[in-house]
Amino acid sequence: LRPKQGSFISRLTPRQQEVLGLMAQGYNNAGIAEKLVLGPKSVENYINAIYQELNLNQSDRIHPRVRAVLGYIKDSYSQ
């Protein structure tokens with residue numbers, strides 16, 4: 001996926017986009033770590049950075065992981 005300028009995920013680094021893409025495919029943190037040959041803590045750090053960059057927080061009614069994936073999917077289909 002190549003995000004278009006100004007899209008939801010265009011603010012993310014390529015690695016963050018890759019992690020978010022795997023989240024959108026249904027991978028859990030352990031699965032992402034295995035797929036990208038990363039440690040579990042590295043995956044957590046990437047996910048937390050994604051939440052921060054996209055201004056997603058735990059206090060919202062919808063979990064940040066769900067909001068991030070929905071934004072990713074929306075960007076994927078709007079290209």
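Only heavy atoms go into these numbers, but all of them, side chains included; no hydrogens, no water, no symmetry mates.
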Check the surroundings of atom CD in Gln25: do more than 12 heavy atoms from other residues, nucleotides or ligands lie under 6.0 Å from it?
->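 Yes, the 6.0 Å shell around CD holds more than 12 heavy atoms from other groups.
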Take atom CD of Glu44 as the centre, draw a 6.0 Å sphere, and report whether it contains more than 12 heavy atoms from other residues, nucleotides or ligands.
->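 Yes, CD of Glu44 has more than 12 neighbouring heavy atoms, counting only those of other groups under 6.0 Å.
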How many angstroms lie between [atom1] in [X] and [atom2] in [Y], if you round to the nearest 0.5 Å?
X	Y	atom1	atom2	answer
Asn55	Glu53	CG	CD	7.5 Å
Gln17	Tyr72	CD	OH	8.0 Å
Tyr27	Leu20	OH	CG	14.5 Å
Ile73	Ile9	CD1	CD1	11.0 Å
Lys35	Glu18	NZ	CD	9.5 Å

Nearest heavy-atom pair of Leu56 and Pro64: which atoms, and what distance?
->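 Taking Leu56 first and Pro64 second, the nearest heavy atoms are CD1-O, 3.5 Å.
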Hey, are the side chains of Gln16 and Ile47 touching, using non-hydrogen atoms and a 4.5 Å cut-off?
->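 The answer is no; the side chains never approach within 4.5 Å.
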Does a side-chain heavy-atom distance below 4.5 Å link Tyr46 with Ile32?
->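 No; the side chains remain at least 4.5 Å from each other.
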Could you give me the CA-CA distance, side-chain angles and deciding distance for Leu54 and Leu12, then say whether side chain to side chain contact (heavy atoms under 4.5 Å, CB included) is met?
-> CA-CA 8 Å; Leu54 300 177; Leu12 302 178; 4.1 Å; yes
Pair Leu38-Arg15, side chain to side chain contact (heavy atoms under 4.5 Å, CB included): steps then yes or no = CA-CA 11 Å; Leu38 295 171; Arg15 184 59 136 187; 3.6 Å; yes
For Arg65 and Asn28, test the side chains for any donor-to-acceptor distance below 3.5 angstrom and give the result as yes or no.
->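 No - no donor-acceptor pair under 3.5 Å links their side chains.
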